[in-house]
Amino acid sequence: MPSKEEMSSKHIKAISLAALFGGAISFVLCAIVLLIGAALILKGVIPERGMTMVCIAACAIASFFGARFSMRRAYVFPALSALGSGIAFCLLLMCAAVLIQGALSFSSGNLVAMAAAILASAFSAVLAAPKSKKKSKKRK
């Protein structure tokens with residue numbers, strides 16, 4: 001019989017691996033959605049000034065689905081793994097920004113995209129929360 005410490009370390013490992021995997025899935029999905037958005041801008045479907053909104057929407061959509069994937073993968077505390085997935089996604093976005101731009105800038109668009117990513121992962125955690133069952137009172 002494993003001890004409580006061994007079980008808790010297994011839970012932490014499962015949550016963190018699910019969160020990292022969900023963050024990586026979010027990053028790939030974000031890249032795909034951004035490529036689609038860039039193609040739509042080149043075609044003229046979306047005006048150029050709408051690129052910031054496309055980036056924010058791509059981050060939110062990717063983070064939502066990455067968190068959902070992370071919640072399915074984690075067998076314990078799925079909401080925590082979903083939030084961890086959003087945080088891991090934000091960290092991957094920061095690393096990509098440093099690699100591409102050479103520096104990390106916290107402009108309003110970047111902060112809004114990161115906030116949208118974390119809020120979307122939290123929203124997916126809230127949607128997957130179990131419904132509370134209220135006992136119906138019998139009337140006499």
Asks: Are the side chains of I56 and T52 in touch, meaning some heavy atoms are under 4.5 Å apart?
Replies: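 I56 vs T52: side chains touch.
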
Asks: Nearest heavy-atom pair of C59 and F89: which atoms, and what distance?
Replies: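 Shortest heavy-atom contact: O-CE2, 3.6 Å.
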
Asks: Once rounded to the nearest 0.5 Å, what's the spacing between atom CD1 of I41 and atom CG of L34?
Replies: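 Atom-to-atom, I41:CD1 and L34:CG are 9.5 Å apart.
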
Asks: Could you check if a side-chain atom of S9 sits within less than 4.5 angstrom of a side-chain atom of K13, using non-hydrogen atoms only?
Replies: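 Sidechains of K13 and S9: no contact.
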
Asks: Quick one: pull up CE in M53 and CD1 in I46 and give me the separation to the nearest 0.5 Å.
Replies: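 The distance works out to 12.0 Å.
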
Asks: Quick one: pull up OG in S26 and CZ in F21 and give me the separation to the nearest 0.5 Å.
Replies: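 Rounded to the nearest 0.5 Å, the OG-CZ separation comes to 11.0 Å.
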
Asks: Are the side chains of S85 and F69 in contact, using a 4.5 Å heavy-atom criterion?
Replies: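 Heavy-atom side-chain distance check fails, nothing below 4.5 Å.
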
Asks: Is the count of non-hydrogen atoms from other residues, nucleotides or ligands lying under 6.0 Å from M94 atom CE greater than 12?
Replies: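 Result for CE/M94: enclosed.
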
Asks: Is V98 linked to F27 within one hydrophobic cluster, defined over Ile, Leu, Val, Met, Phe, Trp and Tyr using a side-chain heavy-atom separation of less than 4.5 Å?
Replies: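 In one cluster: no.
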
Asks: How long is the span from the CD1 atom in I100 to the SG atom in C95, to the nearest 0.5 Å?
Replies: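 I100 CD1 to C95 SG: 11.0 Å, rounded to 0.5 Å.
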
Asks: About how many Å separate CD1 of I87 and CG of L20, when rounded to the nearest 0.5 Å?
Replies: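 One finds 11.0 Å between CG of L20 and CD1 of I87.
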
Asks: Determine, using the 4.5 Å side-chain heavy-atom cutoff (strictly less than), whether L80 and V76 are members of one ILVMFWY cluster.
Replies: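 Yes, one cluster joins them.
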
Asks: Can you see which heavy atom on G23 is nearest to which on L92, and at what distance?
Replies: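 In terms of heavy atoms, the two residues are closest at O-CD1, 3.6 Å.
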
Asks: Transitively linked via ILVMFWY side-chain contacts under 4.5 Å: M51 with L40?
Replies: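 Yes.
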
Asks: Please say yes or no: joined through hydrophobic side-chain contacts below 4.5 Å, possibly via intermediate residues, are V54 and V33 part of one cluster?
Replies: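 Unlinked, V54 and V33 end up in two clusters.
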
Asks: Could you grab the distance from atom CD1 of I32 to atom CD1 of I61, nearest 0.5 Å is fine?
Replies: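 Going from CD1 on I32 over to CD1 on I61, the span is 12.5 Å.
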
Asks: What heavy-atom pair brings G66 and I25 nearest, and what distance separates the two atoms?
Replies: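 In terms of heavy atoms, the two residues are closest at CA-CG2, 4.3 Å.
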
Asks: Give every residue pair that meets the side-chain hydrogen bond (donor to acceptor under 3.5 Å, both in side chains) criterion with at least one member in residues 55-71, sequence neighbours excluded.
Replies: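 Pairs touching residues 55-71 that pass the test: S70-S81.
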
Asks: Are the side chains of M71 and S124 in contact, using a 4.5 Å heavy-atom criterion?
Replies: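 Yes, at least one pair of side-chain atoms sits under 4.5 Å.
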
Asks: Give a yes or no on whether I118 and L91 share a hydrophobic cluster (residues Ile, Leu, Val, Met, Phe, Trp, Tyr; joining criterion: side-chain heavy atoms under 4.5 Å apart).
Replies: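 Each belongs to a different hydrophobic cluster.
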
Asks: Can you say whether the rings of F64 and F123 are parallel (under 30°), tilted (30 to 60°) or perpendicular (over 60°)?
Replies: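 Rings of F64 and F123: tilted, 30 to 60°.
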
